[in-house]
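Here is the structure we will look at.
These values consider heavy atoms only, across backbone and side chains, with no hydrogens, waters or symmetry-generated copies.
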Amino acid sequence: MSVFTHLVVELGRLLEPVLAESATAAAIVLFTVLVRLALHPLSRAAFRGATPLAGCLPLLLQLPVFFLMYQAFSSGGELLSHRLFAAPLGSRWADALGEGGLFGAQGLVFLALFGVIAVVAAWSAVRGRRSAAAAAAADAAADAAEKPVAAQKSAAARRPAVGSGRAKPGGKAGAGARARAAGGAGARARAAAGAGVAAAGARARAEGGHRAGVGAGAAAVPELSAEQQEVMRKLGGVLPLLSFGTLITAAVVPLAAGLYLLTTTAWAVAERAWLERRKARAAARTETPGTERAVDGAARSSL
């Protein structure tokens, strides 16, 4: 407890020339950012795991820090005298309502805190719903792209047997049939190559990093079944709504703990948005060279 208090006090002293009496509140925000930076490698590993439940690991590791924050501003100590504008960092929303009402000096500080938390929670919910819808659309596109490829492969497997039964060795009719079969096989191969590239691109967007290799010869992560993917999509749509629960928590904990909740929630949402954007760019870079090689190969085979 003393180490945590000393760290916050020292950070507040560094910021005091700029922020005056709100320096300790800014020190809490800065401390939260440092904690999230330390947990960033775990957040990236949880994101690559392709399961929403894996994202709970950074949250669980933050519980001791939140407990220390709560205890430091609930029990007596030197931090209780610090303020964020007109509201003491150790006060709760009930205390602010008793001091000046909902729109009093302290009540306005809490209303501003609740408003920012609500905006972050709404952003998280919207992004979660969009991600779930995009994953469902990508899965449907991948299934639709794989069906023509399977039909072409089965047709290519059946046609040589039929042609061999009808063609007569040494005759002109047999030579013409073999020439037509060879031409048809080349056309089917080029069509299968183009459809295979489209299916690979759709699967890459649908899986979104489900297959991750470590090194050159690493094994791929096993794919999820249809039932597991449906459960993951439902969880991905429900979990962002839990951010609104932060509003209830911020209303009953000290103001300092509410600042910590706001900072860590906003960091989590922004971090996930950044990781999703990086994954989309990486998928686009890996998909484009494969498409160009397939087109070049089809052009050379046609010549």
Side-chain angles (χ1 to χ4, degrees), residues 1 3-4 7-8 11 26-72 116-117 120-121 123-132 134-135 204-216 218-224 228-229 231-246 249-250 253 256-283 285-286:
M1 183 76 68
V3 176
F4 168 76
L7 179 59
V8 173
L11 289 175
I28 293 173
V29 174
L30 180 59
F31 175 78
T32 309
V33 171
L34 294 177
V35 172
R36 292 311 305 251
L37 282 175
L39 294 177
H40 179 66
L42 291 178
S43 300
R44 294 182 64 179
F47 181 78
R48 293 194 193 101
T51 58
L53 296 179
C56 294
L57 181 59
L59 177 62
L60 294 177
L61 294 178
Q62 289 183 81
L63 290 180
V65 181
F66 178 78
F67 176 75
L68 291 176
M69 183 79 67
Y70 181 85
Q71 290 294 325
V116 178
I117 291 177
V120 173
W123 183 31
S124 175
V126 169
R127 288 196 60 86
R129 294 295 176 85
R130 287 179 179 177
S131 299
R205 291 188 296 269
E207 293 169 3
H210 287 191
R211 299 181 179 181
V214 181
V221 177
E223 296 183 0
L224 299 176
Q228 291 174 336
Q229 291 179 0
V231 172
M232 291 301 104
R233 281 195 294 268
K234 290 181 179 179
L235 287 176
V238 173
L239 287 180
L241 298 178
L242 298 180
S243 300
F244 290 98
T246 310
T249 307
V253 299
L259 286 175
Y260 181 88
L261 289 175
L262 169 60
T263 308
T264 189
T265 304
W267 179 281
V269 176
E271 182 182 52
R272 185 165 187 86
W274 178 70
L275 290 174
E276 288 178 352
R277 181 170 297 182
R278 284 193 60 189
K279 183 183 72 174
R281 290 179 179 178
R285 286 196 301 267
T286 55

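In this structure the side chain of Val253 reaches within 4.5 angstrom of the side chain of Phe66, judged on heavy atoms. Arg44 places a side-chain heavy atom less than 4.5 Å from the side chain of His40.
Under the side chain to side chain contact (heavy atoms under 4.5 Å, CB included) criterion, Ala26 pairs with Leu15, Leu19, sequence neighbours left out. Residues satisfying the ring-ring contact (aromatic ring centres under 6.0 Å, His included) test with Phe31, not counting sequence neighbours, are Phe4. The side chain to side chain contact (heavy atoms under 4.5 Å, CB included) search around Thr263 returns Val29, Thr32, Val33, not counting sequence neighbours. Every side-chain hydrogen bond (donor to acceptor under 3.5 Å, both in side chains) that Ser43 has, sequence neighbours left out, goes to Glu271. Applying the side chain to side chain contact (heavy atoms under 4.5 Å, CB included) criterion to Arg277, with sequence neighbours excluded, gives Arg281.
When all heavy atoms of Gly258 and Ala250 are compared, the pair lying nearest together is CA-CB, 4.4 Å. Counting all heavy atoms, side chain and backbone alike, Ala268 lies closest to Arg36 at CB-NH1, 3.9 Å. Contact record, Pro41 with Leu37: CD-O, 3.9 Å, taken as the closest heavy-atom pair. Smallest separation of non-hydrogen atoms from Ala27 and Leu11: CB-CB, 3.6 Å. Closest non-hydrogen pair, Ala273 versus Trp123, comes out as CB-CZ2, 4.4 Å.
When each of Val116, Ile28, Thr246 is paired with Leu262, the side-chain contact (heavy atoms from CB on, under 4.5 Å) condition holds for Val116 and for no other.
For Thr265 (side chain) and Leu261 (main-chain N/O), a donor-acceptor pair under 3.5 Å exists by modelled atom type.
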